[in-house]
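We use all heavy atoms of the structure for the numbers below, so side chains are in, but hydrogens, waters and symmetry mates are not. Small disclaimer: the values here were computed from a predicted structure and weren't measured.
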Amino acid sequence: MPKLYSASESLCSQKVKLVLAEKNLEWKSHLLNLLTFENLQPNYIQLNPKGVVPTLIHDGRVVTDSAMIVRYLDEQFPHPKLTPAEPTLQEMMKGWIELQNQFPMRELMYGNFRGIEGIVLRRSVQIKQRLLPQLMQAHPELQAQYEAKLKDVRQWNSTIQDRKEIANINRTIEPMLTRLEAQLTQTEWLCGVTYSLADVVWTAVLNRLEKLKFGYLWADNTRPALSAYLNRLKARPSFKAAIQGDEMPLPMLLAGLRRTFLGI
């Protein structure tokens with residue numbers, strides 16, 4: 001049985017959970033609280049040196065990075081197959097996955113969330129920046145991993161505090177959606193007539209963009225093919241299983257708020 005280390009409301013975790021749901025697989029869940037920085041603790045860093053979610057363990061193999069995990073699951077559990085048989089469509093699928101994988105969704109999310117949610121998220125990044133040197137000192141055997149993580153977090157924090165940079169990132173959304181619209185005016189799914197891993201990852205991305213109030217970019221007949229496509233994605237049972245209601249359990253949320261605002 002696959003074991004998945006994930007986090008509530010994690011975009012990349014949702015991509016993997018969608019594949020698990022599409023294949024109707026049983027799996028063991030290990031939920032991490034990112035607001036109390038469980039993903040930075042030594043036992044998890046040893047498992048996933050980047051300290052991110054998700055991480056999949058299956059048959060003694062550890063697989064990290066959501067793009068790699070969804071491909072691995074489709075290879076190991078091929079029913080139903082979520083990769084097209086035709087090589088040209090396989091390349092198309094790879095391109096759609098890479099497009100969203102290269103887009104700075106993390107910075108987009110942390111830079112655009114408003115209200116208490118935005119405050120909590122941005123404050124959590126600042127706390128990470130202070131916590132990592134302490135972890136590095138306490139665990140010198142993991143110095144290289146923590147140094148790499150600290151460098152990443154510093155850049156992350158700098159970007160989300162820069163309103164001009166976030167505005168620049170926001171402006172890159174529309175051209176990406178235009179590419180989607182062009183494809184979806186020709187085909188029902190991103191790689192033709194069959195639902196694939198490309199549709200899996202874009203389900204999570206489009207749903208998150210909608211949550212971030214970017215839905216106006218396809219509303220009111222602005223991009224009708226994209227709007228209809230998102231409705232089809234949301235109608236699939238996997239959406240309900242993996243994304244709808246994917247909220248942090250209250251005890252974990254309260255623990256995260258205490259850690260973020262009280263330091264305990």
Thr83 and Pro78, any side-chain heavy atoms less than 4.5 Å apart: no

Got a donor-acceptor contact below 3.5 angstrom from the Trp202 side chain to the Trp96 backbone? yes

Side chain to side chain contact (heavy atoms under 4.5 Å, CB included) between Ile69 and Thr64: does it pass, once the steps are laid out? CA-CA 6 Å; Ile69 294 173; Thr64 61; 5.6 Å; no

Take Asp74 and Lys23 through the test salt bridge (Lys or Arg N to Asp or Glu O under 4.0 Å) and record every step on the way to the result. CA-CA 9 Å; Asp74 200 43; Lys23 294 177 178 292; 2.7 Å; yes

Does a side chain donor of either Thr187 or Gln183 reach within less than 3.5 Å of an acceptor in the other side chain? yes

For Lys81, is the NZ atom crowded, meaning more than 12 foreign heavy atoms sit under 6.0 Å from it? yes

Looking at Glu141, I want to see if its CD is surrounded by more than 12 non-hydrogen atoms of other residues, nucleotides or ligands under 6.0 Å. yes

Return each pair, listed once, that meets ring pair (Phe, Tyr, Trp, His ring centres under 6.0 Å) where at least one residue sits in residues 135-186; pairs must be two or more places apart or across chains. Tyr110-Trp156

Write out all pairs satisfying ring pair (Phe, Tyr, Trp, His ring centres under 6.0 Å) with one or both partners inside residues 74-95, taking only residues at least two apart or from two chains. His58-Phe77

Locate the shortest heavy-atom distance separating Arg232 from Glu188; write the atom from each residue and the value. NH2-O, 2.6 Å

Please determine whether a side-chain nitrogen of the Lys or Arg among Lys15 and Asp65 lies less than 4.0 Å from a carboxylate oxygen of the Asp or Glu. no

Do other residues, nucleotides or ligands put more than 12 heavy atoms under 6.0 Å from Asn168 CG? yes

Near Arg123 CZ, under 6.0 Å, is it more than 12 heavy atoms from other residues, nucleotides or ligands? yes

Test Glu165 against Thr159 for side chain to side chain donor-acceptor pair (under 3.5 Å), laying out the working first. CA-CA 6 Å; Glu165 184 61 28; Thr159 300; 5.7 Å; no

Short side-chain donor-acceptor distance under 3.5 Å, Thr185 and Glu181: no

Please report the closest heavy-atom contact between Pro54 and Leu4, naming both atoms and the distance. CB-CD1, 3.8 Å

Strictly by ring pair (Phe, Tyr, Trp, His ring centres under 6.0 Å), give each pair with a member in residues 238-257 just once, sequence neighbours left out. none

Taking the basic N atoms (NZ, or NE/NH1/NH2) and the acidic carboxylate oxygens, is any pair closer than 4.0 Å for Glu38 and Arg259? no

Donor-acceptor pairs under 3.5 angstrom involving side-chain atoms of residues 84-93: please list them, not counting sequence neighbours.
from: Gln90; atom 1: NE2; to: Pro84; atom 2: O; distance (Å): 3.0
from: Gln90; atom 1: NE2; to: Ala85; atom 2: O; distance (Å): 3.2

Any donor-acceptor pair under 3.5 Å linking the side chain of Arg208 with the backbone of Glu9? yes

Is a side-chain N or O of Asn157 found less than 3.5 angstrom from the main chain of Val125, in a donor-acceptor match? no

Got a donor-acceptor contact below 3.5 angstrom from the Asp199 side chain to the Ser196 backbone? yes

Is it true that the side chains of Thr178 and Arg223 contain a donor and an acceptor less than 3.5 Å apart? yes

Under 4.5 Å between side-chain heavy atoms, chaining through other members, with only Ile, Leu, Val, Met, Phe, Trp and Tyr counted: pull out the rest of the cluster around Val62, sorted by chain and number. Tyr5, Leu32, Leu34, Tyr44, Leu47, Val53, Ile57

Just wondering, do Asn170 and Phe214 contact through their side chains at under 4.5 Å, heavy atoms? yes

Looking at side-chain heavy atoms only, is the closest gap between Gln100 and Met105 below 4.5 Å? no

Please, which pairs that meet ring pair (Phe, Tyr, Trp, His ring centres under 6.0 Å) have at least one residue in residues 158-196, sequence neighbours excluded? Trp189-Tyr195

Is any side-chain N of the basic residue among Lys234 and Glu210 closer than 4.0 Å to the acidic one's carboxylate O? yes

Please test Leu56 against Met68 for side chain to side chain contact (heavy atoms under 4.5 Å, CB included), starting from the C-alpha separation and ending with a verdict. CA-CA 10 Å; Leu56 181 80; Met68 293 182 64; over 6 Å; no

Would you indicate whether the side-chain heavy atoms of Arg106 and Asp152 approach each other to under 4.5 Å? yes

Answer yes or no: does atom CG of Asp220 have more than 12 heavy-atom neighbours from other residues, nucleotides or ligands under 6.0 Å? no

